[in-house]
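Step one of this worksheet: look at the structure below.
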2 protein chains.
Amino acid sequence: METAKIRRGRKFDQVLLGARSVFLRDGFEGASVDDIAREARVSKATLYSYFPDKRLLFMEVARSECRRQAEAALHLIDPGAPAAVVLRAAAEHIVAFMISDFGQRIFRICVAEADRFPALGAEFYQSGPMLAREKLGAYLRLAAARGELAITDFDLAADQFAELCRANIHAKLIFGITPTPTGAEIDRTITGAVETFLARYGTSRA
Amino acid sequence: METAKIRRGRKFDQVLLGARSVFLRDGFEGASVDDIAREARVSKATLYSYFPDKRLLFMEVARSECRRQAEAALHLIDPGAPAAVVLRAAAEHIVAFMISDFGQRIFRICVAEADRFPALGAEFYQSGPMLAREKLGAYLRLAAARGELAITDFDLAADQFAELCRANIHAKLIFGITPTPTGAEIDRTITGAVETFLARYGTSRA
DNA sequence: CGCAATGTAAACGCCCCGGTTCAGAAAGCG
DNA sequence: CGCTTTCTGAACCGGGGCGTTTACATTGCG
(Lines give C-alpha, C1' and ligand atoms only; values in the text may rest on other atoms or scores of the structure.)
Protein backbone atom coordinates (compact mmCIF):
# COMPACT_ATOMS: atom_id res chain seq x y z
CA MET A 1 0.00 0.00 0.00
CA GLU A 2 3.03 2.23 -0.01
CA THR A 3 2.95 4.41 -3.08
CA ALA A 4 0.48 2.67 -5.34
CA LYS A 5 -0.42 4.43 -8.57
CA ILE A 6 2.52 6.77 -8.29
CA ARG A 7 5.05 6.64 -11.06
CA ARG A 8 8.55 7.82 -10.23
CA GLY A 9 10.93 9.65 -12.48
CA ARG A 10 14.02 11.78 -12.49
CA LYS A 11 12.44 14.82 -10.90
CA PHE A 12 10.20 13.12 -8.42
CA ASP A 13 11.86 14.61 -5.37
CA GLN A 14 11.83 18.09 -6.86
CA VAL A 15 8.09 17.85 -7.19
CA LEU A 16 7.66 16.66 -3.64
CA LEU A 17 9.85 19.48 -2.36
CA GLY A 18 8.03 22.14 -4.29
CA ALA A 19 4.67 20.78 -3.27
CA ARG A 20 5.77 20.72 0.32
CA SER A 21 6.68 24.37 0.36
CA VAL A 22 3.59 25.57 -1.49
CA PHE A 23 1.14 23.44 0.49
CA LEU A 24 2.69 24.59 3.74
CA ARG A 25 2.46 28.19 2.64
CA ASP A 26 -1.05 28.18 1.17
CA GLY A 27 -2.88 25.14 2.48
CA PHE A 28 -4.58 22.59 0.26
CA GLU A 29 -7.30 24.69 -1.33
CA GLY A 30 -5.12 27.76 -1.49
CA ALA A 31 -2.28 26.05 -3.34
CA SER A 32 -2.51 25.94 -7.13
CA VAL A 33 -0.94 23.18 -9.13
CA ASP A 34 0.62 25.72 -11.47
CA ASP A 35 2.29 27.33 -8.48
CA ILE A 36 3.64 24.00 -7.35
CA ALA A 37 5.01 23.16 -10.76
CA ARG A 38 6.67 26.56 -10.98
CA GLU A 39 8.13 26.25 -7.49
CA ALA A 40 9.42 22.76 -8.29
CA ARG A 41 10.89 23.98 -11.62
CA VAL A 42 9.00 21.27 -13.41
CA SER A 43 6.34 21.28 -16.09
CA LYS A 44 2.79 20.59 -15.09
CA ALA A 45 2.75 17.61 -17.45
CA THR A 46 5.63 16.04 -15.57
CA LEU A 47 3.91 16.61 -12.28
CA TYR A 48 0.77 14.93 -13.57
CA SER A 49 2.82 12.05 -14.93
CA TYR A 50 3.78 11.25 -11.34
CA PHE A 51 0.59 11.98 -9.44
CA PRO A 52 -2.88 11.34 -10.78
CA ASP A 53 -4.31 14.39 -9.04
CA LYS A 54 -3.76 17.15 -6.53
CA ARG A 55 -5.21 15.23 -3.61
CA LEU A 56 -2.81 12.33 -3.92
CA LEU A 57 0.11 14.71 -4.23
CA PHE A 58 -1.04 16.42 -1.09
CA MET A 59 -1.41 13.17 0.81
CA GLU A 60 2.04 12.08 -0.26
CA VAL A 61 3.56 15.31 1.01
CA ALA A 62 1.69 15.04 4.29
CA ARG A 63 2.72 11.43 4.73
CA SER A 64 6.37 12.09 4.20
CA GLU A 65 6.29 15.09 6.52
CA CYS A 66 4.67 13.05 9.25
CA ARG A 67 7.32 10.38 8.88
CA ARG A 68 10.09 12.95 9.06
CA GLN A 69 8.63 14.43 12.20
CA ALA A 70 8.15 11.05 13.83
CA GLU A 71 11.71 10.00 13.21
CA ALA A 72 13.13 13.24 14.49
CA ALA A 73 11.42 12.83 17.84
CA LEU A 74 12.64 9.34 18.41
CA HIS A 75 15.92 9.60 20.25
CA LEU A 76 15.18 11.97 23.03
CA ILE A 77 14.45 10.28 26.30
CA ASP A 78 17.14 8.97 28.63
CA PRO A 79 15.27 6.31 30.60
CA GLY A 80 17.60 6.56 33.56
CA ALA A 81 17.39 10.30 34.11
CA PRO A 82 15.24 11.74 36.91
CA ALA A 83 11.72 12.85 36.05
CA ALA A 84 12.35 16.55 36.45
CA VAL A 85 15.08 16.40 33.84
CA VAL A 86 13.27 14.20 31.37
CA LEU A 87 10.06 16.18 31.67
CA ARG A 88 11.82 19.44 31.06
CA ALA A 89 13.57 18.07 28.01
CA ALA A 90 10.33 16.68 26.65
CA ALA A 91 8.56 19.95 27.29
CA GLU A 92 11.24 21.87 25.49
CA HIS A 93 10.91 19.62 22.50
CA ILE A 94 7.14 19.88 22.45
CA VAL A 95 7.17 23.64 22.76
CA ALA A 96 9.88 24.03 20.16
CA PHE A 97 7.85 22.11 17.61
CA MET A 98 4.68 23.92 18.58
CA ILE A 99 6.07 27.40 18.06
CA SER A 100 8.06 26.56 14.96
CA ASP A 101 6.75 27.93 11.74
CA PHE A 102 6.54 24.45 10.33
CA GLY A 103 4.71 23.10 13.36
CA GLN A 104 2.11 25.81 13.18
CA ARG A 105 1.52 25.42 9.48
CA ILE A 106 1.18 21.68 9.53
CA PHE A 107 -1.17 21.92 12.49
CA ARG A 108 -3.31 24.47 10.74
CA ILE A 109 -3.57 22.41 7.60
CA CYS A 110 -4.33 19.18 9.40
CA VAL A 111 -7.05 20.78 11.48
CA ALA A 112 -8.59 22.43 8.46
CA GLU A 113 -8.55 19.40 6.19
CA ALA A 114 -9.07 16.59 8.69
CA ASP A 115 -12.66 16.11 7.62
CA ARG A 116 -12.02 16.27 3.90
CA PHE A 117 -8.98 13.98 4.33
CA PRO A 118 -9.63 11.53 7.15
CA ALA A 119 -6.39 9.72 6.44
CA LEU A 120 -4.48 12.94 6.92
CA GLY A 121 -5.77 13.56 10.42
CA ALA A 122 -4.99 10.00 11.41
CA GLU A 123 -1.50 10.09 9.99
CA PHE A 124 -0.67 13.35 11.72
CA TYR A 125 -2.11 12.24 15.01
CA GLN A 126 -0.28 8.94 15.01
CA SER A 127 3.08 10.37 14.11
CA GLY A 128 2.66 13.35 16.42
CA PRO A 129 0.57 13.44 19.57
CA MET A 130 0.12 9.69 19.77
CA LEU A 131 3.76 8.89 19.30
CA ALA A 132 4.69 11.46 21.91
CA ARG A 133 2.21 10.00 24.32
CA GLU A 134 3.57 6.52 23.86
CA LYS A 135 7.18 7.53 24.29
CA LEU A 136 6.44 9.64 27.33
CA GLY A 137 4.12 6.98 28.73
CA ALA A 138 6.87 4.40 28.47
CA TYR A 139 9.19 6.60 30.45
CA LEU A 140 6.53 7.34 33.05
CA ARG A 141 6.08 3.62 33.59
CA LEU A 142 9.79 3.21 34.22
CA ALA A 143 9.94 6.13 36.62
CA ALA A 144 6.86 4.87 38.42
CA ALA A 145 8.38 1.40 38.76
CA ARG A 146 11.40 3.10 40.24
CA GLY A 147 9.16 4.77 42.80
CA GLU A 148 9.91 8.20 41.45
CA LEU A 149 6.36 8.82 40.30
CA ALA A 150 2.97 7.61 41.46
CA ILE A 151 0.66 7.19 38.48
CA THR A 152 -2.29 4.94 37.82
CA ASP A 153 -3.50 6.23 34.44
CA PHE A 154 -0.36 6.57 32.37
CA ASP A 155 -2.06 7.55 29.14
CA LEU A 156 -3.96 10.33 30.81
CA ALA A 157 -0.86 11.52 32.65
CA ALA A 158 1.17 11.71 29.47
CA ASP A 159 -1.59 13.59 27.72
CA GLN A 160 -1.98 15.97 30.60
CA PHE A 161 1.68 16.80 30.46
CA ALA A 162 1.55 17.49 26.76
CA GLU A 163 -1.44 19.74 27.26
CA LEU A 164 0.22 21.59 30.12
CA CYS A 165 3.05 22.46 27.76
CA ARG A 166 0.65 24.47 25.64
CA ALA A 167 -0.67 26.69 28.42
CA ASN A 168 -0.41 30.38 27.69
CA ILE A 169 1.24 29.83 24.33
CA HIS A 170 -0.51 27.70 21.81
CA ALA A 171 -3.89 29.39 21.58
CA LYS A 172 -2.40 32.85 21.31
CA LEU A 173 -0.10 31.65 18.60
CA ILE A 174 -2.57 29.72 16.54
CA PHE A 175 -5.14 32.50 16.58
CA GLY A 176 -2.55 35.07 15.67
CA ILE A 177 -2.73 37.06 18.88
CA THR A 178 1.01 37.17 19.42
CA PRO A 179 4.07 36.38 17.35
CA THR A 180 6.67 33.96 18.66
CA PRO A 181 6.70 34.01 22.46
CA THR A 182 9.76 35.26 24.31
CA GLY A 183 12.18 32.95 26.03
CA ALA A 184 10.83 34.08 29.37
CA GLU A 185 7.28 33.13 28.44
CA ILE A 186 8.41 29.76 27.22
CA ASP A 187 10.32 29.12 30.39
CA ARG A 188 7.33 30.15 32.45
CA THR A 189 5.14 27.65 30.64
CA ILE A 190 7.64 24.80 30.76
CA THR A 191 8.54 25.32 34.39
CA GLY A 192 4.86 25.55 35.24
CA ALA A 193 4.11 22.34 33.38
CA VAL A 194 6.85 20.39 35.10
CA GLU A 195 5.96 21.72 38.53
CA THR A 196 2.27 21.02 38.15
CA PHE A 197 2.91 17.56 36.81
CA LEU A 198 5.28 16.68 39.62
CA ALA A 199 2.97 18.17 42.23
CA ARG A 200 0.39 15.66 41.12
CA TYR A 201 2.42 12.61 40.29
CA GLY A 202 5.78 13.05 42.06
CA THR A 203 6.69 11.13 45.16
CA SER A 204 8.92 12.50 47.86
CA ARG A 205 11.98 10.82 46.37
CA ALA A 206 12.19 12.91 43.23
CA MET B 1 -17.52 50.38 14.28
CA GLU B 2 -20.46 48.06 14.71
CA THR B 3 -21.85 47.15 11.33
CA ALA B 4 -20.56 49.85 9.07
CA LYS B 5 -21.28 49.44 5.36
CA ILE B 6 -23.96 46.86 5.99
CA ARG B 7 -27.44 47.71 4.83
CA ARG B 8 -30.32 45.95 6.56
CA GLY B 9 -33.56 44.81 5.04
CA ARG B 10 -36.48 42.50 5.56
CA LYS B 11 -34.53 39.27 5.10
CA PHE B 12 -31.34 40.24 6.80
CA ASP B 13 -31.60 37.61 9.50
CA GLN B 14 -32.44 34.90 6.99
CA VAL B 15 -29.20 35.64 5.20
CA LEU B 16 -27.19 35.53 8.39
CA LEU B 17 -28.78 32.23 9.36
CA GLY B 18 -28.18 30.63 6.01
CA ALA B 19 -24.62 31.89 5.92
CA ARG B 20 -24.03 30.55 9.39
CA SER B 21 -25.09 27.06 8.48
CA VAL B 22 -23.21 26.91 5.21
CA PHE B 23 -20.00 28.42 6.55
CA LEU B 24 -20.06 26.05 9.49
CA ARG B 25 -20.59 23.12 7.19
CA ASP B 26 -18.09 23.98 4.45
CA GLY B 27 -15.66 26.54 5.85
CA PHE B 28 -14.91 29.86 4.21
CA GLU B 29 -13.31 28.74 0.98
CA GLY B 30 -15.58 25.73 0.66
CA ALA B 31 -18.78 27.71 0.96
CA SER B 32 -20.20 29.19 -2.22
CA VAL B 33 -22.30 32.31 -2.23
CA ASP B 34 -24.89 30.62 -4.40
CA ASP B 35 -25.20 27.90 -1.80
CA ILE B 36 -25.68 30.45 0.93
CA ALA B 37 -28.35 32.30 -1.01
CA ARG B 38 -30.17 29.05 -1.71
CA GLU B 39 -29.93 27.94 1.91
CA ALA B 40 -31.20 31.33 3.06
CA ARG B 41 -34.04 31.25 0.49
CA VAL B 42 -32.96 34.59 -0.83
CA SER B 43 -31.71 35.80 -4.17
CA LYS B 44 -28.05 36.48 -4.59
CA ALA B 45 -28.87 40.08 -5.47
CA THR B 46 -30.53 40.53 -2.10
CA LEU B 47 -27.58 39.03 -0.32
CA TYR B 48 -25.21 41.38 -2.10
CA SER B 49 -27.47 44.32 -1.30
CA TYR B 50 -26.71 43.67 2.37
CA PHE B 51 -23.07 42.68 2.30
CA PRO B 52 -20.48 44.12 -0.05
CA ASP B 53 -18.64 40.82 -0.34
CA LYS B 54 -18.23 37.29 0.95
CA ARG B 55 -15.53 38.19 3.45
CA LEU B 56 -17.63 40.73 5.28
CA LEU B 57 -20.54 38.33 5.41
CA PHE B 58 -18.25 35.73 6.88
CA MET B 59 -16.86 38.13 9.46
CA GLU B 60 -20.34 39.17 10.46
CA VAL B 61 -21.36 35.56 11.00
CA ALA B 62 -18.21 34.84 12.98
CA ARG B 63 -18.68 37.95 15.10
CA SER B 64 -22.24 37.16 16.01
CA GLU B 65 -21.33 33.57 16.83
CA CYS B 66 -18.51 34.68 19.09
CA ARG B 67 -20.84 37.06 20.90
CA ARG B 68 -23.41 34.34 21.38
CA GLN B 69 -20.83 32.03 22.79
CA ALA B 70 -19.39 34.66 25.09
CA GLU B 71 -22.77 35.54 26.54
CA ALA B 72 -23.70 31.92 27.11
CA ALA B 73 -20.63 31.36 29.24
CA LEU B 74 -21.22 34.35 31.45
CA HIS B 75 -23.32 33.16 34.35
CA LEU B 76 -21.60 30.07 35.48
CA ILE B 77 -19.34 30.60 38.42
CA ASP B 78 -20.59 30.81 41.99
CA PRO B 79 -17.81 32.79 43.71
CA GLY B 80 -18.60 31.31 47.09
CA ALA B 81 -18.47 27.65 46.18
CA PRO B 82 -15.42 25.53 46.99
CA ALA B 83 -12.76 25.09 44.37
CA ALA B 84 -13.46 21.43 43.67
CA VAL B 85 -17.05 22.25 42.79
CA VAL B 86 -16.35 25.31 40.71
CA LEU B 87 -13.53 23.63 38.83
CA ARG B 88 -15.63 20.65 37.98
CA ALA B 89 -18.45 22.83 36.71
CA ALA B 90 -16.05 24.89 34.64
CA ALA B 91 -14.46 21.76 33.24
CA GLU B 92 -17.81 20.36 32.29
CA HIS B 93 -18.66 23.51 30.45
CA ILE B 94 -15.35 23.63 28.64
CA VAL B 95 -15.56 20.01 27.59
CA ALA B 96 -19.16 20.32 26.50
CA PHE B 97 -18.33 23.15 24.17
CA MET B 98 -15.22 21.41 22.94
CA ILE B 99 -16.99 18.22 21.91
CA SER B 100 -20.08 19.90 20.52
CA ASP B 101 -20.44 19.84 16.79
CA PHE B 102 -20.59 23.60 16.74
CA GLY B 103 -17.50 23.97 18.92
CA GLN B 104 -15.48 21.73 16.66
CA ARG B 105 -16.57 23.42 13.48
CA ILE B 106 -15.93 26.93 14.67
CA PHE B 107 -12.55 25.88 16.01
CA ARG B 108 -11.61 24.29 12.72
CA ILE B 109 -12.60 27.33 10.74
CA CYS B 110 -10.86 29.78 13.02
CA VAL B 111 -7.64 27.80 12.98
CA ALA B 112 -7.74 27.46 9.23
CA GLU B 113 -8.51 31.09 8.46
CA ALA B 114 -6.72 32.87 11.27
CA ASP B 115 -3.92 34.00 9.00
CA ARG B 116 -6.15 35.12 6.16
CA PHE B 117 -8.51 36.82 8.66
CA PRO B 118 -6.49 38.18 11.57
CA ALA B 119 -9.58 39.82 13.02
CA LEU B 120 -11.34 36.49 13.12
CA GLY B 121 -8.66 34.81 15.20
CA ALA B 122 -8.65 37.72 17.62
CA GLU B 123 -12.41 37.82 17.97
CA PHE B 124 -12.63 34.10 18.61
CA TYR B 125 -9.79 34.11 21.08
CA GLN B 126 -11.17 37.03 23.05
CA SER B 127 -14.67 35.69 23.29
CA GLY B 128 -13.50 32.16 23.96
CA PRO B 129 -10.24 31.16 25.60
CA MET B 130 -9.44 34.64 26.88
CA LEU B 131 -12.84 35.24 28.39
CA ALA B 132 -12.70 31.86 30.05
CA ARG B 133 -9.27 32.61 31.44
CA GLU B 134 -10.42 35.92 32.88
CA LYS B 135 -13.53 34.49 34.49
CA LEU B 136 -11.68 31.55 35.93
CA GLY B 137 -8.77 33.75 36.97
CA ALA B 138 -11.12 36.01 38.88
CA TYR B 139 -12.49 33.07 40.79
CA LEU B 140 -9.02 31.70 41.47
CA ARG B 141 -8.07 35.03 43.02
CA LEU B 142 -11.05 34.89 45.33
CA ALA B 143 -10.35 31.32 46.36
CA ALA B 144 -6.72 32.14 46.91
CA ALA B 145 -7.61 35.14 49.07
CA ARG B 146 -9.79 32.79 51.07
CA GLY B 147 -6.80 30.53 51.59
CA GLU B 148 -8.35 27.72 49.64
CA LEU B 149 -5.76 27.83 46.89
CA ALA B 150 -2.12 28.84 46.75
CA ILE B 151 -1.35 30.47 43.40
CA THR B 152 1.16 33.05 42.32
CA ASP B 153 0.64 33.13 38.56
CA PHE B 154 -3.11 33.25 38.12
CA ASP B 155 -3.12 33.61 34.36
CA LEU B 156 -0.93 30.60 33.93
CA ALA B 157 -2.96 28.57 36.41
CA ALA B 158 -6.22 29.32 34.63
CA ASP B 159 -4.69 28.42 31.31
CA GLN B 160 -3.26 25.21 32.68
CA PHE B 161 -6.65 24.17 33.89
CA ALA B 162 -8.25 24.82 30.55
CA GLU B 163 -5.54 22.81 28.85
CA LEU B 164 -5.90 19.95 31.31
CA CYS B 165 -9.54 19.70 30.31
CA ARG B 166 -8.52 18.77 26.79
CA ALA B 167 -6.30 15.86 27.73
CA ASN B 168 -7.17 12.65 25.96
CA ILE B 169 -10.10 14.18 24.11
CA HIS B 170 -9.48 17.20 21.98
CA ALA B 171 -6.72 15.99 19.71
CA LYS B 172 -8.47 12.73 18.93
CA LEU B 173 -11.63 14.60 18.14
CA ILE B 174 -10.17 17.33 16.02
CA PHE B 175 -8.11 14.94 13.94
CA GLY B 176 -11.04 12.65 13.43
CA ILE B 177 -9.61 9.68 15.32
CA THR B 178 -12.72 9.08 17.40
CA PRO B 179 -16.30 10.26 17.32
CA THR B 180 -17.82 11.84 20.40
CA PRO B 181 -16.14 10.47 23.54
CA THR B 182 -18.15 8.41 25.98
CA GLY B 183 -19.34 9.75 29.30
CA ALA B 184 -16.75 7.65 31.04
CA GLU B 185 -13.93 9.16 29.03
CA ILE B 186 -15.19 12.63 29.69
CA ASP B 187 -15.41 11.97 33.39
CA ARG B 188 -11.93 10.54 33.41
CA THR B 189 -10.57 13.69 31.81
CA ILE B 190 -12.50 16.09 34.01
CA THR B 191 -11.73 14.28 37.22
CA GLY B 192 -8.10 14.08 36.21
CA ALA B 193 -7.99 17.79 35.44
CA VAL B 194 -9.49 18.79 38.79
CA GLU B 195 -7.28 16.43 40.74
CA THR B 196 -4.10 17.53 39.04
CA PHE B 197 -4.98 21.16 39.42
CA LEU B 198 -5.77 20.81 43.11
CA ALA B 199 -2.66 18.71 43.71
CA ARG B 200 -0.64 21.64 42.52
CA TYR B 201 -2.58 24.62 43.80
CA GLY B 202 -4.81 23.31 46.58
CA THR B 203 -4.09 23.97 50.23
CA SER B 204 -5.00 21.53 52.98
CA ARG B 205 -8.25 23.39 53.67
CA ALA B 206 -9.99 22.52 50.43
C1' DC C 1 25.31 7.35 -33.01
C1' DG C 2 20.37 6.11 -32.62
C1' DC C 3 16.42 5.33 -30.09
C1' DA C 4 13.41 5.20 -26.20
C1' DA C 5 12.19 7.34 -22.08
C1' DT C 6 11.55 11.45 -19.86
C1' DG C 7 10.62 16.26 -19.51
C1' DT C 8 8.88 20.98 -21.55
C1' DA C 9 5.96 24.86 -22.83
C1' DA C 10 1.84 26.55 -23.94
C1' DA C 11 -2.51 26.34 -25.10
C1' DC C 12 -7.11 24.39 -24.39
C1' DG C 13 -11.61 22.70 -22.37
C1' DC C 14 -14.27 22.66 -18.73
C1' DC C 15 -16.26 23.97 -14.69
C1' DC C 16 -17.03 26.70 -10.66
C1' DC C 17 -17.09 30.94 -8.24
C1' DG C 18 -17.52 35.84 -6.84
C1' DG C 19 -19.87 39.67 -8.08
C1' DT C 20 -23.01 42.67 -11.31
C1' DT C 21 -26.96 43.77 -13.95
C1' DC C 22 -31.74 44.24 -15.26
C1' DA C 23 -36.54 43.67 -16.12
C1' DG C 24 -40.13 42.55 -13.44
C1' DA C 25 -42.67 40.65 -9.21
C1' DA C 26 -43.96 41.26 -4.43
C1' DA C 27 -44.58 43.58 -0.21
C1' DG C 28 -45.52 47.34 2.62
C1' DC C 29 -47.81 51.67 3.41
C1' DG C 30 -50.51 55.94 2.96
C1' DC D 1 -55.67 52.14 -5.05
C1' DG D 2 -51.00 53.82 -6.21
C1' DC D 3 -46.34 54.48 -5.12
C1' DT D 4 -41.96 53.21 -3.17
C1' DT D 5 -39.02 50.01 -1.29
C1' DT D 6 -37.50 45.50 -1.34
C1' DC D 7 -36.77 41.23 -3.44
C1' DT D 8 -36.32 37.93 -7.46
C1' DG D 9 -34.31 34.95 -10.98
C1' DA D 10 -31.57 34.36 -14.41
C1' DA D 11 -28.29 35.73 -17.33
C1' DC D 12 -23.76 37.42 -17.68
C1' DC D 13 -18.65 38.68 -16.93
C1' DG D 14 -14.04 37.97 -15.74
C1' DG D 15 -10.95 35.13 -13.60
C1' DG D 16 -8.82 31.21 -11.90
C1' DG D 17 -8.03 26.39 -11.25
C1' DC D 18 -7.62 21.37 -12.49
C1' DG D 19 -6.32 18.29 -15.64
C1' DT D 20 -5.26 17.08 -20.78
C1' DT D 21 -3.12 17.38 -25.00
C1' DT D 22 0.22 18.28 -28.53
C1' DA D 23 4.34 19.20 -30.75
C1' DC D 24 8.91 19.58 -29.39
C1' DA D 25 13.33 19.27 -26.56
C1' DT D 26 16.40 16.80 -23.54
C1' DT D 27 18.43 12.99 -21.33
C1' DG D 28 20.48 8.74 -21.08
C1' DC D 29 21.71 4.24 -22.41
C1' DG D 30 23.13 0.41 -25.47
Side-chain angles (χ1 to χ4, degrees), chain A residues 3-63 108-109 112-113 115-117 119-120, chain B residues 3-63 108-109 112-113 115-117 119-120:
Chain A
T3 55
K5 293 166 186 142
I6 293 186
R7 200 183 67 91
R8 309 226 167 211
R10 255 187 295 139
K11 311 201 166 176
F12 188 84
D13 292 353
Q14 270 182 55
V15 172
L16 229 50
L17 255 297
R20 179 190 123 105
S21 91
V22 175
F23 278 135
L24 282 177
R25 169 157 45 83
D26 298 335
F28 175 73
E29 294 286 354
S32 92
V33 177
D34 294 73
D35 264 20
I36 292 174
R38 205 174 307 122
E39 177 80 21
R41 302 181 158 285
V42 147
S43 81
K44 222 176 13 155
T46 300
L47 188 158
Y48 274 104
S49 83
Y50 296 157
F51 299 93
D53 62 21
K54 188 186 175 187
R55 289 177 51 103
L56 279 208
L57 172 55
F58 178 67
M59 280 305 301
E60 195 57 31
V61 169
R63 228 195 310 269
R108 228 184 271 284
I109 291 179
E113 310 293 347
D115 48 352
R116 242 187 292 257
F117 294 86
L120 170 64
Chain B
T3 54
K5 294 168 187 142
I6 293 184
R7 199 183 68 91
R8 308 223 168 213
R10 253 188 298 141
K11 312 201 165 176
F12 187 85
D13 292 352
Q14 270 182 55
V15 173
L16 229 51
L17 256 297
R20 180 191 122 105
S21 91
V22 176
F23 278 135
L24 282 177
R25 167 158 47 83
D26 298 336
F28 176 72
E29 295 285 354
S32 91
V33 176
D34 294 73
D35 264 19
I36 292 174
R38 204 174 307 123
E39 177 80 19
R41 303 180 158 285
V42 148
S43 81
K44 223 175 14 156
T46 301
L47 189 157
Y48 274 105
S49 84
Y50 296 157
F51 299 92
D53 62 22
K54 188 186 176 188
R55 288 176 51 104
L56 279 208
L57 172 56
F58 178 66
M59 280 305 301
E60 194 58 30
V61 169
R63 228 196 310 269
R108 228 183 271 283
I109 291 179
E113 310 293 347
D115 48 353
R116 244 187 291 257
F117 294 87
L120 170 64

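The chains referred to below are lettered A, B, ... by the order of the sequence lines, with proteins before strands, and numbering in each begins at 1.
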Rounded distance in Å - CZ (B:R38) to P (C:dC16): 12 Å
Rounded interatomic separation in angstrom, taking OH from A:Y48 and P from C:dA10: 18 Å
B:D34 CG to D:dA11 C1', straight-line distance once rounded to whole Å: 12 Å
For atom CD of A:Q14 and atom P of C:dT6, their distance in whole Å: 16 Å
Residue whose closest nucleotide on DNA chain D lies nearer the 5' end, A:A45 versus B:V42: B:V42
A:K54 side chain, from C-beta outward: closest of D:dG19, C:dG7, C:dG18: D:dG19
Atom-pair distance (CZ on A:R8; C1' on C:dA5), nearest Å: 18 Å
Sugar-phosphate, base or nothing in reach of A:F12, heavy atoms under 4.0 Å: nothing
Min side-chain heavy-atom separation A:Q14-A:T46 under 4.5 Å: no
Sugar-phosphate only, base, or nothing, as touched by B:A37 at under 4.0 Å among non-hydrogen atoms: nothing
Proximal nucleotide (of C:dG19, D:dG19, D:dC7) relative to the B:D53 side chain: C:dG19
Among D:dG9, D:dC18, C:dG7, the one nearest A:S32 by side-chain distance: D:dC18
Side-chain donor/acceptor of B:R7 to backbone N/O of B:S49, under 3.5 Å: yes
Non-hydrogen side-chain atoms of B:I36 and B:K54 separated by less than 4.5 Å: no
Between P of C:dG18 and CZ of B:F58, the distance in whole Å: 13 Å
Sugar-phosphate, base or nothing in reach of B:R41, heavy atoms under 4.0 Å: sugar-phosphate
Residue-phosphate contact under 4.0 Å: A:Y50 side-chain N/O, C:dG7 OP1/OP2: yes
A:K11, nearest nucleotide to its side chain (from D:dT8, C:dG7, C:dC17): C:dG7
Sugar-phosphate only, base, or nothing, as touched by A:F51 at under 4.0 Å among non-hydrogen atoms: nothing
Distance in angstrom units between A:D35 CG and D:dC18 C1', rounded: 13 Å
4.5 Å side-chain heavy-atom contact, B:F51 and B:V15: yes
Donor-acceptor contact below 3.5 Å, side chain A:Y50 vs main chain A:K11: yes
C:dG7 OP1/OP2 closer than 4.0 Å to side-chain N/O of A:S43: no
Most 5' of B:G30 and B:R10 on DNA chain C, judged by nearest nucleotide: B:G30
Under-3.5 Å donor-acceptor pair between B:K44 side chain and D:dG9 base: no
For atom CD1 of B:I36 and atom P of C:dG19, their distance in whole Å: 10 Å
Nucleotide of D:dC7, D:dC18, C:dG7 approaching A:R7 most closely (side-chain heavy atoms): C:dG7
Donor-acceptor under 3.5 Å (A:D35 side chain, A:R38 main chain): no
